[in-house]
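It should be emphasised that the depicted structure is a prediction, and the values quoted were computed from it without experimental measurement.
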Amino acid sequence: MEIYPSVSPELSVADRLDNEIADLRARTASLKLALRLRLLCLLHSHETTSNPSSSARARSNQQFREWSQKQSAHKQQCLYRACAGVTTFKIQDPDPNAVDGGNLIGLRFEVMSKAKFLRPYYVMLNRPYATSRALRVHRHTVPQCIPLASLAARYLAPPIVKDADVSKKQDLSGFARALRRELVRYHNRAAVIGDMKKAAGLASKKASDPESDTEIVDISAADAEARQISLQWRDGRSGRLIMNDDGEVMKMVVQGNHGQDRETVQQFLDGAARLEDINKRLDNHRNTPPAP
């Protein structure tokens with residue numbers, strides 16, 4: 001039986017070896033994934049949780065208990081991170097000259113993208129005002145494209161003494177909710193641009209091949225906030241698509257050899273109002289075989 005039927009006889013020996021190595025690596029990754037899924041199913045089964053020794057006959061009970069404990073800890077951590085999107089904690093600034101004795105309040109923001117938890121973002125707050133317990137942003141790890149300063153000015157405004165000698169009240173909960181919403185929206189926009197590249201067939205190395213039959217040769221974010229998408233066609237046309245925070249298409253312009261190309265815009269959008277609809281149509285068009 002032929003193991004690698006996809007290898008062309010016209011390829012050189014080196015190319016055949018490269019293809020065989022790539023196929024073996026793909027099969028190894030597939031087998032590892034299958035083994036991991038079977039192990040997870042075994043750890044989640046009722047028989048395993050009720051009587052671990054009966055389900056671990058081929059392995060030592062000690063090793064199986066360690067796997068089960070790690071899986072339980074992982075499930076608990078994922079549940080906590082999924083339910084607690086924002087958590088608070090106390091920090092002590094080691095700087096001896098820090099304000100308020102170095103006491104800081106930390107905010108931890110959890111964001112998930114493509115079914116994976118991303119590295120958490122942190123915002124540290126202090127109380128630098130002598131006559132008020134109002135908070136101010138001290139340090140943070142938030143991306144520069146997130147409007148942190150405007151959110152802080154809106155929800156954590158510095159104390160202002162009015163005629164009635166009453167300070168303006170800050171809203172820490174509103175600040176945390178608004179900031180996490182901006183972080184989630186940013187990563188959702190970046191993810192939908194990646195989905196568009198994949199739907200257009202640009203995720204593989206073959207897409208950059210000059211002999212490739214893909215009509216669109218490049219899709220990328222055109223700004224730091226990932227609200228604008230730059231598109232390049234093989235025949236030299238270039239486009240710019242603008243979406244809002246929720247992934248809805250606001251405007252699209254395509255420039256061709258003779259100015260604006262409204263026909264290409266109509267064909268690309270095809271009445272779609274959201275980027276998810278565009279990605280689904282691009283993926284269906286790419287996977288549909290040409291008519292004989």
Side-chain angles (χ1 to χ4, degrees), residues 66-162 165-195 221 223-228 243-247:
E66 291 178 359
W67 286 350
S68 181
Q69 292 173 0
K70 289 181 180 180
Q71 179 63 21
S72 299
H74 178 70
K75 288 170 56 179
Q76 184 177 6
Q77 181 184 18
C78 291
L79 181 62
Y80 176 79
R81 296 180 70 178
C83 297
V86 182
T87 53
T88 61
F89 54 94
K90 294 183 179 180
I91 312 174
Q92 182 64 37
D93 193 340
D95 186 359
N97 299 320
V99 299
D100 193 23
N103 296 316
L104 300 175
I105 298 177
L107 300 179
R108 173 188 171 116
F109 296 86
E110 294 284 0
V111 181
M112 178 182 287
S113 180
K114 294 185 179 297
K116 293 183 179 180
F117 286 105
L118 304 177
R119 179 177 296 179
Y121 295 101
Y122 297 92
V123 175
M124 286 151 280
L125 309 168
N126 60 7
R127 292 189 171 99
Y129 309 106
T131 59
S132 174
R133 292 182 59 83
L135 297 169
R136 183 188 66 178
V137 175
H138 177 58
R139 295 284 189 272
H140 67 88
T141 62
V142 177
Q144 295 297 326
C145 58
I146 302 298
L148 179 63
S150 61
L151 293 177
R154 178 180 178 183
Y155 294 97
L156 301 178
I160 300 177
V161 181
K162 300 181 181 179
D165 197 24
V166 178
S167 299
K168 185 177 180 180
K169 187 176 180 180
Q170 293 185 334
D171 186 3
L172 181 59
S173 298
F175 170 77
R177 289 194 299 268
L179 180 54
R180 186 176 186 275
R181 182 166 55 248
E182 291 292 336
L183 290 169
V184 171
R185 284 176 170 177
Y186 165 72
H187 284 286
N188 286 342
R189 293 193 300 269
V192 81
I193 296 176
D195 293 339
D223 63 336
E225 298 179 353
R227 285 191 172 91
Q228 300 185 22
M243 60 176 167
N244 61 9
D245 293 333
D246 299 323

Test item: [X] and [Y] side chains (from C-beta on) under 4.5 Å apart, heavy atoms:
X	Y	answer
Tyr121	Ile146	no
Pro143	Leu183	yes
Met112	Val184	no
Leu104	Arg139	no

Kindly give the heavy-atom pair with the smallest separation between [X] and [Y], and that separation in Å.
X	Y	value
Ala226	Met243	O-CE, 2.9 Å
Pro147	Ser150	O-OG, 2.9 Å
Tyr186	Ala224	CE1-O, 3.5 Å
Ala178	Tyr155	CB-CE1, 3.7 Å
Ala134	Pro128	O-CD, 4.0 Å
Ile91	Gly106	CD1-CA, 4.1 Å

Once rounded to the nearest 0.5 Å, what's the spacing between atom [atom1] of [X] and atom [atom2] of [Y]?
X	Y	atom1	atom2	value
Asp171	Leu151	CG	CG	11.5 Å
Leu179	Phe109	CG	CZ	4.0 Å
Gln170	Leu156	CD	CG	5.0 Å
Gln228	Arg189	CD	CZ	11.0 Å
Leu125	Arg136	CG	CZ	10.5 Å
Ile105	Phe89	CD1	CZ	10.5 Å

Inset, instruction - Check the pair Arg127, Leu135 against side chain to side chain contact (heavy atoms under 4.5 Å, CB included), reporting the backbone distance first and the verdict last. - result: CA-CA 5 Å; Arg127 292 189 171 99; Leu135 297 169; 3.6 Å; yes
Quick one: side chains of residues 92-100, donor-acceptor pairs under 3.5 Å with protein atoms, not counting sequence neighbours, listed by atom name and distance.
| residue | atom | partner | partner atom | Å |
| --- | --- | --- | --- | --- |
| Gln92 | NE2 | Gly101 | O | 2.8 |
| Asp93 | OD1 | Asp95 | N | 3.1 |
| Asp95 | OD1 | Asn97 | N | 3.1 |

Legend entry - With sequence neighbours excluded, residues passing salt bridge (charged side-chain N to carboxylate O under 4.0 Å, His left out) with Glu182: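 For Glu182 there are no salt bridge (charged side-chain N to carboxylate O under 4.0 Å, His left out) partners, ignoring immediate neighbours.
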Inset, instruction - With sequence neighbours excluded, tell me which residues meet side-chain hydrogen bond (donor to acceptor under 3.5 Å, both in side chains) with Asp223. - result: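 So Asp223 forms no side-chain hydrogen bond (donor to acceptor under 3.5 Å, both in side chains) with any residue.
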Legend entry - Backbone N/O of Asp245 and side chain of Arg227: donor-acceptor pair under 3.5 Å: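 Not confirmed, Arg227 side chain does not pair with Asp245 backbone.
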